[in-house]
Undergrad: 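Can you keep this structure in mind? I'll have questions shortly.
Throughout, a chain's letter reflects where its sequence line sits, starting with A, and its residues are numbered from 1.
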There are 2 protein chains.
Amino acid sequence: MKRGTHQRNAIRKALLNAGRPLSVNEVFALAQNEVAGLGIATVYRNLKALQLEELIVQVDLPGQPPRWEKAPERHHHHFLCRTCDKLSEIQDCPEGLRHLLPEGYTLEEHDILLRGQCDTCTRVTNSYANRK
Amino acid sequence: MKRGTHQRNAIRKALLNAGRPLSVNEVFALAQNEVAGLGIATVYRNLKALQLEELIVQVDLPGQPPRWEKAPERHHHHFLCRTCDKLSEIQDCPEGLRHLLPEGYTLEEHDILLRGQCDTCTRVTNSYANRK
DNA sequence: ACGTTAATGATAATCTATTATCAATAGTAG
DNA sequence: CTACTATTGATAATAGATTATCATTAACGT
């Protein structure tokens, strides 16, 4: 039977509370704050398990290892900060993507990744720029 | 001094004629039709070289190794066929992505990947569906 | 509290993609 | 044509991410 361990709870909690997709190492670091001595293999194992239980989903990015987020309630996309490398959620979704398709093509899904600087990093950049 | 070899020419030709981004193995296969005995290391070497010369660019996809395409003249996106795994170019680009951003965020770039079935694979699927 | 066994931690092994090595080959300047 | 050396092909090595192994630990039904 499935057991409720501190490790599993810490990993699940990290993902449910983060509010954004986390990398394996982000999950590892956060869960270690709860469970000293946590091993990275346990993180990988529980990520797979939580995915099977459909509590979390894998988020694939171009040119990067996947991140993990709480199973989303609605369709959404992501924003990647080029400075702090944090991924955040974007609620809205552009319209009319189907019209971009060539004749005869069938559209089933779409991935959109916006990239730039998050609010925090934008603020820091601006404060540097404003110095004389 | 830089030399013009059959291998380099075959690799360049494959990419310039393809009209769509190619994986390393696609380049390898196409160039082998021109140059028997071509080695995979030569493909990797020349992809890097052509990238440095800015004749080709790397195309990163979520959850896949990169592909390579002729250095594009205009901004564009891609369509990935879930059936034949071929990547093709999409000319247009949705408007108003900036409006999707939360307050304080700075948008610099965006990646869009449409997924579904290309015209060829859509046709095949439909012809199966139409059989009694 | 006990016994069973799922889960864990440490780390070796694996996997896939890419790069390094090096002897042999083949462009090309003269 | 010759000499020089960039380039190649075969493959060993590397890199990074993930999975397997296995002895030990700790849930939890009884």
Undergrad: To the nearest 0.5 Å, what is the distance between CG (B/N17) and NZ (B/K70)?
TA: 8.5 Å
Undergrad: Taking A/E69 as the fixed residue, which of A/H78, A/Q58, A/R20 is the one that meets the side-chain hydrogen bond (donor to acceptor under 3.5 Å, both in side chains) rule?
TA: A/H78
Undergrad: Can you tell me the distance, in whole Å, between the CG atom of B/L38 and the P atom of D/dA10?
TA: 9 Å
Undergrad: B/R8 and B/T5: side-chain donor and acceptor closer than 3.5 Å?
TA: no
Undergrad: Is it the case that over 12 heavy atoms from other parts of the model lie below 6.0 angstrom from the CD atom of A/E108?
TA: yes
Undergrad: At what distance, to the nearest 0.5 angstrom, does CD of B/E26 lie from CG of B/L15?
TA: 10.0 Å
Undergrad: Please indicate whether A/H6 has more than 12 foreign heavy atoms, meaning atoms of other residues, nucleotides or ligands, lying under 6.0 Å from its NE2.
TA: no
Undergrad: Can a side-chain donor-acceptor contact be found between B/H75 and B/E109 if the only test is distance below 3.5 angstrom?
TA: no
Undergrad: What's the CG-C1' distance between B/L47 and D/dT8, to the nearest Å?
TA: 15 Å
Undergrad: Once you round it to whole Å, what is the distance between P of C/dT19 and CG of B/L52?
TA: 12 Å
Undergrad: Would you give the length of the straight line joining atom OG1 of B/T106 to atom CD of A/Q117, rounded to the nearest 0.5 angstrom?
TA: 5.5 Å
Undergrad: Just the table, please: protein N/O against nucleotides 14-18 of chain C N/O, every pair under 3.5 Å.
TA:
from: C/dT18; atom 1: OP2; to: B/Y44; atom 2: OH; distance (Å): 2.7

Undergrad: Could you write out each protein N or O paired with an N or O of nucleotides 25-30 of chain D at a distance under 3.5 Å?
TA:
from: D/dA27; atom 1: N3; to: A/R3; atom 2: NH1; distance (Å): 3.4
from: D/dA27; atom 1: N3; to: A/R3; atom 2: NH2; distance (Å): 3.4
from: D/dC28; atom 1: OP1; to: A/G4; atom 2: N; distance (Å): 2.8

Undergrad: Please tell me if B/N46 has a side-chain N or O lying less than 4.0 Å from either OP1 or OP2 of D/dT8.
TA: yes
Undergrad: To the nearest angstrom, how far is A/R45 atom CZ from D/dT19 atom P?
TA: 11 Å
